[in-house]
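Read through the structure below, which is laid out as structure tokens, and then see the notes.
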Protein chains: 2
Amino acid sequence: MAETLTASALTLKDIAREAGVSLATVDRVLHNRPGVRPETVRRVKAAIERNSFQPHVAAAELARGRARRFAFVMPSGPNPFMQQIEAYLGEMSGWLSARRLGVEMVATDVFDPSVLAASLEALSGDYDGVAVVALDHPSVRAAINDLVDAGTQVVTLVSDVPSSRRHHYVGIDNIAAGRTAGALVGRLVGQKSGKVAIVAGSQGLRDHAERIFGFNQVMASEFPRLGVLPVLEGRDEDDRSEQLLARLLARHADIVGLYNVGAGTQGVAKALSDAGRDKVVFVGHDVTVLTRRLLLQGVMDAAISQNPGHEARAAVRVLLALARGEPILREQEKIRIDIVMRDNLP
Amino acid sequence: MAETLTASALTLKDIAREAGVSLATVDRVLHNRPGVRPETVRRVKAAIERNSFQPHVAAAELARGRARRFAFVMPSGPNPFMQQIEAYLGEMSGWLSARRLGVEMVATDVFDPSVLAASLEALSGDYDGVAVVALDHPSVRAAINDLVDAGTQVVTLVSDVPSSRRHHYVGIDNIAAGRTAGALVGRLVGQKSGKVAIVAGSQGLRDHAERIFGFNQVMASEFPRLGVLPVLEGRDEDDRSEQLLARLLARHADIVGLYNVGAGTQGVAKALSDAGRDKVVFVGHDVTVLTRRLLLQGVMDAAISQNPGHEARAAVRVLLALARGEPILREQEKIRIDIVMRDNLP
DNA sequence: GGTGTTTTGAGGTACGCAACTCATTTTGAG
DNA sequence: CTCAAAATGAGTTGCGTACCTCAAAACACC
């Protein structure tokens, strides 16, 4: 009837007694400090295992005294998505200070590898953990690895550097996101035939390229009757996206679907409405003030969202867990691909 | 460049000095213990505000000594959704015991108001917090209020009792979920005309009724060309759902969409395939082993999911925050309505 | 067997707060 | 002004761990 899921009111003292050693030795084992015979290490670890002992996180936190500092390395300039992340971190300030966690925002040009790498190197030693919106480039990879070697916990945020030794990636699977977008466009277009347009920031950006890849995968295999037009590179700018798309719409009267991979949403929407092509199925990314309005107006049909609030909080939680040596709740920290339509707007 | 989001390395001693009182008085104010003049209370609170002081959560936790106990009151019997919740709680066991939190599962017949109320009353005094899958009924409401009055933190899970004084509800907005289902069915059907069927457990269940309400709302206002057939009540049983639906399909050759509000998914799927009506747009709830397979096979087109893992963890976090007197991160604990299609299966 | 090295024990201090006691001061009512 | 009640100060103890020191014991090597 009543099944208990937890236990452990044991303390280190109990473990010491169990293992037949002193508190000091248990402490040495627990923090892999030198000066303990391998045999003794085994005995202590066995006792810990046997009782599935977990150090009392509050006591550990209190005892270490020193507060922890995390840095968030984010793109400079006005980027609504990043501003949201910052805002969500702000909402956590009570939570953070109750745990004596200091979180600092470091703005830098994340699109210039050497600048980003330099920014990262500059953090070394000052922080217990770093979350970074990273470009995948050799010098950035090296900078991340250096931080890791210096004992800093490193989490990549939104954009990953899989080849580095970062401890964790907080963000979505962009190929799956592209696939989802493809499935949505294809399904929402319905029985109609015609062409599908893609507007991206740049195919050089890893996340955009991956999304396009996934999108094309699905279109090719499941909606072959819909021809995909060459990708327009709008550099995430409204004006440029609008112009490119306007020209494309003028040339192709049979466009029935549109996938906006990155930003520039305002321009994309304007081009559509100026051309009187409101019926085109329009799928984009991220829920912002703008996309929210477009969804409510019916201009956009769906948005693929990666929940910036969740990403911000997950990054903090993961850094904290890593710093404390706690296990990470993978399920909890995984960023899901949200499909947002008008009726499930958050 | 580097903007700090947190502060507070202050201690109670600092606040005491600031307010010109002793530690004991600050302590009295902080825990609303009697014996402090209103004027002094104000001075102390002002000092706390002024410095935006947050008690060190680790120190507080350590000092109180006593471990916290939470109870999860859940339906007895085999219910995959509830089993998932339990499994997710199991995955947290390390996290829980590191915080000296005890979580116990209490199985009961949540569909019998008096039994459920009695189970709740029996918990009084033994637990710091209770999460309950609650039926909305006067005696249940009273039991919840009694718990609250006894100082127990109460959270309703999945199914709410809004008229009670529960501290929080962890679950989705079922009307919005129904609306989302309606929008999906309507959009995925495309240009076709025809009828839409609804299979529910029972219209007496609050959550099912709300979903149907939302569904009908959207169908009526946005897809008037699709006629909604009377609700089939399958009691969440496979066999019954199958029979009812089979009969309906035989009678109506023009069914183009189907909304399965509750369980009985297996039966619904069987009726569809036996009748050779695979093209019917099929939207249901929850991602389970079964619905996952149906989505991959293309039998189901979309599932509305409420992420049981998130619900389980949110319930624990909310109970803990309430017990500690910490603020709740509303954004974080809000359960979102996930649209799951084949390509964004978690 | 003696030497030097490694391993272990014992103990202390500090972390910030909760919870308590008891003495002292302040306050307000009469 | 007096006296009891209310308000406050001062202090203690303990929570479980980290981190440190110093001495004692065990060990390895020649």
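Every chain is numbered from 1 and lettered A, B, ... according to where its sequence line falls, protein lines coming before strand lines.
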Taking 4.0 Å as the cut-off, does a side-chain nitrogen or oxygen of [X] come that near to OP1 or OP2 on [N]?
{"X": "B:Ser22", "N": "D:dG11", "result": "no"}
{"X": "A:Arg37", "N": "C:dT8", "result": "yes"}
{"X": "A:Arg64", "N": "C:dC15", "result": "no"}
{"X": "A:Thr25", "N": "C:dT7", "result": "no"}
{"X": "B:His31", "N": "C:dA18", "result": "yes"}

A:Leu329 CG to A:Lys334 NZ distance, which is reported to the nearest 0.5 Å: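 Output value for this atom pair is 14.0 Å.
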
For B:His56 and B:Thr11, what are the C-alpha separation, side-chain angles and deciding distance, and is it a side chain to side chain contact (heavy atoms under 4.5 Å, CB included)? CA-CA 8 Å; B:His56 192 318; B:Thr11 73; over 6 Å; no

Could you check which nucleotide pairs with C:dC20 in any of the strands shown, counting Watson-Crick or G-U wobble with both distances under 3.5 Å? D:dG11

Nearest whole Å is fine: how far is [N] [atom2] from [X] [atom1]?
{"X": "B:Arg100", "N": "D:dG14", "atom1": "CZ", "atom2": "C1'", "result": "16 Å"}
{"X": "B:His56", "N": "D:dG16", "atom1": "NE2", "atom2": "P", "result": "17 Å"}
{"X": "B:Leu30", "N": "D:dT8", "atom1": "CG", "atom2": "P", "result": "15 Å"}
{"X": "A:Arg43", "N": "C:dT7", "atom1": "CZ", "atom2": "C1'", "result": "12 Å"}
{"X": "B:Arg324", "N": "C:dC17", "atom1": "CZ", "atom2": "P", "result": "14 Å"}
{"X": "A:Leu10", "N": "D:dC15", "atom1": "CG", "atom2": "P", "result": "15 Å"}
{"X": "B:Phe53", "N": "C:dG16", "atom1": "CZ", "atom2": "P", "result": "10 Å"}
{"X": "B:Arg33", "N": "C:dT21", "atom1": "CZ", "atom2": "C1'", "result": "13 Å"}

Here the pair of heavy atoms bringing A:Asp136 nearest to A:Ser163 is OD1-OG, 3.9 Å

Return the minimal non-hydrogen interatomic distance between B:Glu311 and B:Leu157, and the atom names on each side.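 Distance-wise, the nearest heavy atoms are O-CD1, 3.9 Å.
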
Please classify the nucleic acid contact of B:Gly65 as base, sugar-phosphate, or nothing, using heavy-atom distances under 4.0 Å.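 Answer is nothing: B:Gly65 stays at 4.0 Å or more from every strand.
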
By the 4.0 Å heavy-atom rule, please label A:Ala60 as base, sugar-phosphate, or nothing. sugar-phosphate

Between A:Gly20 and B:Pro55, name the one whose nearest nucleotide on DNA chain C is closer to the 5' end.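 Mapping each residue to its closest nucleotide by heavy atoms, the 5'-most match is A:Gly20.
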
If you assign each of A:Leu12 and B:Pro38 to its closest nucleotide in DNA chain D, which residue comes earlier from the 5' end?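 Result: B:Pro38.
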
Hey, which sits more toward the 5' end of DNA chain D by its nearest nucleotide, B:Ala63 or A:Asp27?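 Comparing both residues, the 5'-ward one is B:Ala63.
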
Looking at the side chain of A:Leu62, which of C:dC20, C:dT8, C:dG16 is the nearest nucleotide? C:dG16

D:dA18, C:dA18, C:dT8: which one has an atom nearest the side-chain heavy atoms of A:Arg28?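 Between D:dA18, C:dA18, C:dT8, the one nearest the side chain of A:Arg28 would be C:dT8.
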
Under 3.5 Å: donor-acceptor pair, side chain of A:Arg68, backbone of A:Arg100: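 Answer holds: no.
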
Quick check against the 3.5 Å criterion: does B:Ser119 have a side-chain atom that pairs as donor or acceptor with the backbone of B:Thr108?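 No, the answer is negative, given that no donor and acceptor are paired below the 3.5 Å cut-off.
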
